[in-house]
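Okay, structure first, notes after.
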Amino acid sequence: MLIVGGGGREHALAWKLAQSPSCEALFAAPGNAGTAQLGQNLDVRDTDIDGICQAAERERIDLVVVGPEAPLAAGLVDALGERGIAAFGPSRAAARLESSKWFAKSIMQRAGVAHARGELFESPAPAHKWLEMLGPDDLPVLKADGLAAGKGVIVPDHIDDAHAAVDDLFGGRYGSAGERVVIEDRLAGMEASAMAIVSGADVLPLPLSCDYKRIMNGDQGPNTGGMGVYAPPGFVPPDTDVFESIHGRVLRQMADDGCEFRGVLYAGLMVDDGAANVLEFNVRFGDPETQALMPLIEGDLLPVLAASARGEPLPSDAIVNSGRATVSVAVVSGGYPGSYETGHVIDGLDAVDTDVTVFHAGTALDDDGRVVTAGGRVLAVTAVADTLEAARGIAYDNVRRISFEDSFFRTDIALREVTR
Ligand code: AMP
Ligand code: GLY
């Protein structure tokens, strides 16, 4: 098996899949110091489509699991399929649910899925004009239509900032992702991530979870790739039907349009009073949600991903939600998401409890074989317990045993659930 990507999500997938009795050899491209402990890292970038295809042929890989969105949007699954190699993830055409926000909206519109309503703009003047028509208390959300590495969304605090965002987006700040701009209604509520493994019309829900995007406690400061996650969210009714009312409807609409979906369909939800609206779709496992969920799920994930990759019915009893609670805390380099140093030795990795899992994101091995920092987000420390309060206590107790120069973590992951 080959896992494409080199972040915390990919280490978490490698950790789970390596436990499968059917996992013979495990490769990661490019991987990190965590995946290197479980298999072999290949020196190929995740967006190097030819390089991945060649490596998969050379190593006689029977299943490729694609982590990040960029290779999916660039057609990696299609390219592997042309060579007869099964790959878990959507085709390039189906990946438009993430790579074009407007495509996703038009599918939701036709499928009757509750979502943030919006308009598409292809030049600045009509967008400015549209903003001028808004009421004094109406603030919208502005999004680059294309992939912008998680940075193309602007939630302005003042209408002047919305106008400035229009100029930024069309001014090329987000490259070709900003050639088209979506302006949509701003929704209030609490956010949750609803991921499901999909094979055509078959949907296998994963536990709902919540990630923390801002760098500082209390959701202050700039957005990051994710500072921590917990599950389950107490504000979503346990009997929620989002997987039918959102995933099921979208998948049927995609199939009707001749664009069958395989892989992970991840709906980013805004939940208000138990009712969910979709903010966005991702077509892959969430990062850092995967680092929180893999230790929560019991059973063998590999046959599920293999069935999805082949478009076969999913073995729905292969994995089950243990029903416990999980808290995962990201440890990042000081300065992140701005500039930060790398190459600092990480101490204390062997001091964590045996039932706590430390997933690597930006890590590498130095010439002496020591684990050193190599990115902004460095580690995710995940604890599973019977209650969120217990999982949170164990996670933070263990986070404090790990250290490197200038390390930083939020101290309020899951706090809102245990103080309610
Ligand atoms: P996205 O990349 O679409 O998930 O957007 C990043 C973040 O922007 C989300 O996690 C939300 O916090 C916020 N956001 C996006 N769309 C909306 C919306 N329509 N209303 C309110 N907040 C939003
Ligand atoms: N955690 C948000 C994402 O994976 O896009």
Side-chain angles (χ1 to χ4, degrees), residues 5 7-10 12-13 66-70 72-73 89 95 97-105 108 113-119 134 138-157 161-162 165 169 174 177-178 181-196 206-215 218-231 233 263-272 275-294 328 330 337 359 361 377 380 413:
R9 163 183 52 208
E10 287 75 25
L13 288 169
V66 186
E69 63 275 17
L72 294 169
L97 278 176
E98 177 166 359
S99 65
S100 167
K101 303 214 185 259
W102 188 248
F103 176 83
K105 272 205 201 310
M108 286 190 278
V113 168
H115 65 286
R117 305 266 155 175
E119 293 274 340
L134 293 176
D138 286 346
L139 280 171
V141 175
L142 300 95
K143 300 183 174 181
D145 180 54
L147 289 183
K151 297 193 178 71
V153 175
I154 297 116
V155 186
D157 289 328
D161 300 335
L169 285 161
Y174 305 94
V181 171
V182 175
I183 306 185
E184 67 185 39
D185 294 346
R186 181 169 185 160
L187 304 180
M190 308 262 278
E191 288 180 56
S193 308
M195 292 188 273
L206 297 175
L208 298 179
S209 58
C210 293
D211 78 340
Y212 286 74
K213 294 193 164 90
R214 305 293 191 101
I215 184 75
D219 294 331
Q220 301 296 309
N223 266 329
T224 70
M227 294 298 291
V229 175
Y230 71 86
V264 171
L265 182 60
Y266 163 149
L269 307 179
M270 187 69 93
V271 182
D272 194 15
N277 276 279
V278 177
L279 296 183
E280 60 158 359
F281 283 118
N282 296 316
V283 296
R284 50 171 175 80
F285 284 106
D287 188 333
E289 288 91 336
T290 306
Q291 294 89 304
L293 293 188
M294 286 302 127
S328 182
F359 293 117
R377 284 187 303 155
I413 305 303

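Start at 1 and go down the list; that is how both ligands and their atoms are numbered.
A donor-acceptor distance shorter than 3.5 angstrom exists from the side chain of Lys105 to the backbone of Ala116, with no hydrogens or angles considered. In this structure a side-chain-to-backbone donor-acceptor pair under 3.5 Å is missing from Glu98 to Ala95. Under the 3.5 Å distance criterion, the side-chain polar atoms of Ser193 are left unmatched by any main-chain donor or acceptor of Gly268. Remark: side-chain polar atoms of Arg284 are not paired, donor with acceptor, to backbone N or O of Pro68 under 3.5 angstrom.
Nearest non-hydrogen protein atom to atom 2 (C) of ligand 2 is Tyr266 OH, 3.3 Å. What sits closest to atom 5 (O) of ligand 2 on the protein, heavy atoms only, is Arg284 NH2, 2.8 Å.
Checking only distances, Arg186 never comes within under 3.5 Å of ligand 1, N or O to N or O. Distances between N or O atoms of Lys213 and those of ligand 2 include no value under 3.5 Å. Between Leu187 and ligand 1, at least one N/O pair is under 3.5 Å apart. For the pair Asp185 and ligand 1, the shortest N or O to N or O distance falls below 3.5 Å.
Residue contact check: Met270 has heavy atoms under 4.0 Å from atoms 21 (C), 22 (N) of ligand 1. In the vicinity of Glu289, heavy-atom distances shorter than 4.0 Å reach the ligand 2 atoms 1 (N), 2 (C), 4 (O). Of all atoms in ligand 1, numbered sequentially from 1 with element shown, those under 4.0 Å from a heavy atom of Ala116 are 19 (N). In the vicinity of Asp211, heavy-atom distances shorter than 4.0 Å reach the ligand 2 atoms 1 (N), 2 (C). Every atom of ligand 1 with a heavy atom of Lys213 under 4.0 Å away is listed here by number and element: 10 (O). Of all atoms in ligand 2, numbered sequentially from 1 with element shown, those under 4.0 Å from a heavy atom of Gly286 are 4 (O). Close contacts between ligand 1 and Glu184 involve ligand atoms 16 (N), 17 (C), 18 (C), 19 (N) [criterion: under 4.0 Å to a heavy atom].
Salt bridge annotation for Glu191-Lys213: present, with a cationic side-chain nitrogen under 4.0 angstrom from a carboxylate oxygen. Contact check on Lys101 versus Glu184 returns no salt bridge, with no Lys/Arg side-chain nitrogen under 4.0 Å from an Asp/Glu carboxylate oxygen.
Within the structure, ligand 2 lacks Phe285 among the residues with a heavy atom less than 4.0 angstrom away. Look at Arg9 and you'll find every heavy atom at least 4.0 Å from all atoms of ligand 2.
Counting all heavy atoms, side chain and backbone alike, Ala231 lies closest to Leu293 at CB-CD2, 4.1 Å. Counting all heavy atoms, side chain and backbone alike, Ile413 lies closest to Ser328 at CG2-O, 3.9 Å. Residues Ala165 and Ile154 share a closest heavy-atom pair of CB-CG2, 3.8 Å.
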task: Evaluate side chain to side chain contact (heavy atoms under 4.5 Å, CB included) for Met294 paired with Leu13, printing each intermediate quantity in order.
output: CA-CA 7 Å; Met294 286 302 127; Leu13 288 169; 4.1 Å; yes
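When Glu280, Glu98, Lys143 are checked for heavy-atom proximity to atom 15 (C) of ligand 1, Lys143 turns out nearest.
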